> 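Here it is, the structure, as structure tokens.
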Amino acid sequence: MKALITGAGGFIGKQLLTTWVESGHTARALFLPGEDAGVAEALGVEVVRGDLTRPETLHGIADDMDVVFHLAARVTDWGSRKAFERIMVDGTRHLLEASRGRIGRFVYFSSIAALGFGRDLVGLDEGSKRVYCGIPYCDTKIDAEDLVHRFCTDNGLAYTIIRPANVIGPESVWVSDIIDAFRRGPLPLVGGGDHPGAFIDVANLADGAVIAAQADAAVNRTYHFRDDYSLTWKGYLQTLGGWMGKRPVGNIPFWLAWRLGAISERLLTPLNIRPPMTRLAASVMGKNNDVANHRAKTELGWQSRVDEAACMDQIKQWVFDSYLPS
């Protein structure tokens, strides 16, 4: 099969590109002008340059493709709604239009955030009600999912929506941002740190995406991908901090972290200053986000290839070999 992969230079995109090619398929990878395409080039993948926010740069991008994996997104926990809409919604629309009549399946990478943060998501399955929560990342994921469903239904195009939980592995923001926070100063727990991490190893996620793109059962279906790791946020932070001789200090109740995030976002986002706390970060670490993952297991036969110990070993090696200064 031939696949177009957007966001191919990102953390998840690079892994998906590698897994797809190693599975015997061919790929075309979309990169922004000037973006590093070293991994794609090393894999012998066709590299194309374009910008999802500029539809004139996407002409012919899906020609001769069987499937599109759409990963490109604004991957951060802060920013204006307009900034998120421009990429998450408008960019998705432009890619759908460029794919119309050219491909067999459109695979959209959403997030469990589409269920709506600020509440416990434990046990919620793919059919659970999504809730707008006021966090731009979450709300635009809902809008993009609806756009994919509507466009594909109207144009007779098969689609699959993938909702990863908290994706970890070498280069994950849930590694680099936490290491950076420990280096800046004390890092508190949120909500006691006792909630599950709701993690998914990036290689396990890529495995699931490759299966879903080819499975008849996955046509017009949505899937949660989450590993059954035992790690809590407290344990995860203690492990990462321990590598640097540090540990979490103090605790912020969830309700307070949420309010601090809301105030910080309101005051600092218009100034283009990253808030020290965000509602998204508070929700990820301070709520139970162990969504149901049985549909991927039963319908796709998906299972975790990388176990918890191997995942953390790979992260540790990357931190010391590539991220921390020597």
Side-chain angles (χ1 to χ4, degrees), residues 12 15-16 69 71 73 105 107-133 135 137-146 148-149 158-169 172 174 190-236 254 279-308 311:
I12 300 173
Q15 180 64 58
L16 177 60
F69 290 101
L71 287 80
R105 180 94 56 101
V107 181
Y108 175 62
F109 273 66
S110 182
S111 166
I112 63 168
L115 291 168
F117 279 153
R119 59 176 180 151
D120 288 323
L121 305 183
V122 59
L124 296 186
D125 63 18
E126 293 85 348
S128 298
K129 182 180 179 180
R130 300 166 304 164
V131 177
Y132 285 99
C133 62
I135 299 173
Y137 178 84
C138 304
D139 292 354
T140 53
K141 282 297 188 184
I142 295 176
D143 291 343
E145 284 190 4
D146 288 346
V148 169
H149 169 74
Y159 69 89
T160 302
I161 294 174
I162 291 176
R163 293 183 187 153
N166 301 318
V167 189
I168 58 174
S172 167
W174 293 117
V190 176
D194 296 324
H195 290 302
F199 295 124
I200 171 76
D201 179 87
V202 66
N204 293 336
L205 173 60
D207 287 347
V210 169
I211 295 170
Q214 302 172 82
D216 291 339
V219 171
N220 302 345
R221 297 287 274 173
T222 299
Y223 294 94
H224 292 164
F225 285 97
R226 175 185 60 79
D227 287 318
D228 294 320
Y229 292 170
S230 62
L231 269 175
T232 62
W233 274 102
K234 183 177 182 179
Y236 182 70
F254 169 75
R279 290 168 294 168
L280 190 150
S283 296
V284 166
M285 293 188 284
K287 287 294 182 180
N288 189 332
N289 297 310
D290 262 0
V291 297
N293 60 3
H294 56 270
R295 179 182 288 183
K297 295 176 180 178
T298 57
E299 291 188 3
L300 304 179
W302 171 81
Q303 58 184 348
S304 299
R305 171 168 54 92
V306 181
D307 64 24
E308 182 177 316
C311 173

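Since the structure is predicted, the reported quantities are computational estimates derived from the model, not experimental observations.
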> Salt bridge check, Asp290 against Arg226: does any charged N sit closer than 4.0 Å to a carboxylate O?
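Yes, charged N to carboxylate O under 4.0 Å.
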
> Any side-chain heavy atom of Val167 sitting closer than 4.5 Å to one from Ser172?
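The answer is no, as the side chains (C-beta and beyond) never meet within the 4.5 Å cut-off.
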
> For Ala296 versus Phe225, what's the shortest heavy-atom pair and its separation?
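Taking every non-hydrogen atom into account, CB-CE2, 3.7 Å.
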
> If every non-hydrogen atom of Cys138 is compared with every non-hydrogen atom of Ala113, which pair is closest and at what distance?
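Minimum heavy-atom separation between Cys138 and Ala113: CB-O, 3.3 Å.
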
> Could you check whether any side-chain N or O of Asp227 sits under 3.5 Å from a backbone N or O of Asp201, counting only pairs where one atom can act as donor and the other as acceptor?
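Side chain of Asp227 to backbone of Asp201, a donor-acceptor pair under 3.5 Å: yes, one is there.
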
> With rounding to the nearest 0.5 Å, note down the distance linking OG in Ser283 to CD1 in Ile135.
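If I round to the nearest 0.5 Å, the distance is 4.5 Å.
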
> For Ile200 and Pro164, work out which heavy atoms get closest and say how close.
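Shortest heavy-atom separation between Ile200 and Pro164 comes out as CG2-CB, 4.4 Å.
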
> At what distance, to the nearest 0.5 angstrom, does OG1 of Thr222 lie from CG of Asn220?
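Reported to 0.5 Å precision, the distance equals 9.0 Å.
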
> Tell me, do Phe199 and Cys311 make a side-chain contact under 4.5 Å, heavy atoms counted?
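Sidechains of Cys311 and Phe199: no contact.
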
> With no hydrogens and no angle check, is any side-chain donor or acceptor of Asn288 less than 3.5 Å from a backbone partner on Asp120?
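Not at all, since once roles are kept as given, no pair shorter than 3.5 Å links the two residues.
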
> Nearest 0.5 angstrom please: Tyr229 OH to Asp307 CG, how far?
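Going from OH on Tyr229 over to CG on Asp307, the span is 6.5 Å.
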
> Taking side chain as C-beta onward, heavy atoms only, is Thr160 less than 4.5 Å from Arg105?
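SC-SC contact between Thr160 and Arg105 confirmed.
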
> Under the side-chain hydrogen bond (donor to acceptor under 3.5 Å, both in side chains) test, which residues partner Glu145, sequence neighbours left out?
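Residues passing side-chain hydrogen bond (donor to acceptor under 3.5 Å, both in side chains) with Glu145: Ser110, Arg130, Arg163.
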
> Provide the closest heavy-atom pair for Ala209 versus Leu16 in the form atom of the first, atom of the second, distance.
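Shortest heavy-atom separation between Ala209 and Leu16 comes out as CB-CD1, 4.0 Å.
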
> Looking at every heavy atom in both Leu300 and Ala215, which two are closest together, and how far apart are they?
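Smallest heavy-atom distance, with atoms named: CD2-CB, 3.8 Å.
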
> Spell out, as yes or no, whether a donor-acceptor pair under 3.5 Å connects the side chain of Trp302 to the backbone of Asn204.
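Such a contact is found between Trp302 side chain and Asn204 backbone.
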
> When you measure from the side chain of Arg221 to the backbone of Ala212, do you find a donor-acceptor pair of N or O atoms at a distance under 3.5 Å?
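No: the side chain of Arg221 does not pair with the backbone of Ala212.
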
> Ignoring hydrogens and angles, state whether a donor on the side chain of Thr140 or Asp143 is under 3.5 Å from an acceptor on the partner side chain.
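Their side chains do not contain a donor-acceptor pair, so the 3.5 Å distance test is not met.
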
> Can you tell me how far apart CG (Asn293) and NE2 (His224) are? Round to the nearest 0.5 Å.
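These two atoms lie 9.5 Å from each other.
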
> Evaluate the side-chain proximity of Asn289 to His195: yes if any heavy-atom separation is below 4.5 Å, no if none is.
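Heavy-atom side-chain distance check fails, nothing below 4.5 Å.
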
> Could you grab the distance from atom CE of Met285 to atom OG1 of Thr232, nearest 0.5 Å is fine?
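Going from the CE atom of Met285 to the OG1 atom of Thr232 covers 12.5 Å.
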
> Honestly, is Lys287 close enough over Phe117, meaning NZ or CZ under 6.0 Å from the six-membered ring centre and within 45° of the axis?
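Cation-pi check for Lys287 and Phe117: fails.
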
> Are the side chains of Ile211 and Tyr223 in touch, meaning some heavy atoms are under 4.5 Å apart?
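A side-chain contact under 4.5 Å is absent here.
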
> Atom CG of Leu231 and atom CD1 of Ile168: how far apart are they, to the nearest 0.5 Å?
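Reported value, rounded in 0.5 Å steps: 6.5 Å.
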
> Going by the angle between their ring planes, with limits at 30° and 60°, are Tyr236 and Trp233 parallel, tilted or perpendicular?
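If you compare the ring of Tyr236 with that of Trp233, the planes turn out perpendicular.
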
> Quick check: do Ile142 and Tyr132 have side-chain heavy atoms less than 4.5 Å from each other?
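Heavy-atom side-chain distance check passes, below 4.5 Å.
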
> For Asp139, is there an ion pair with Lys141 - N to carboxylate O distance below 4.0 angstrom?
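Looking at Lys141 and Asp139, the cut-off is not met.
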
> Within the structure provided, determine whether Val284 and Val190 are in side-chain contact (heavy-atom separation under 4.5 Å).
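Answer no - side chains too far apart.
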
> For Phe69 versus Ala213, what's the shortest heavy-atom pair and its separation?
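Looking at all heavy atoms of both residues, the closest pair is CZ-CB, 3.4 Å.
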
> Applying side-chain hydrogen bond (donor to acceptor under 3.5 Å, both in side chains) as the test, list every pair that has at least one member in residues 205-215; sequence neighbours left out.
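Passing the test, one end in residues 205-215: His25-Gln214, Asp207-Arg305.
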
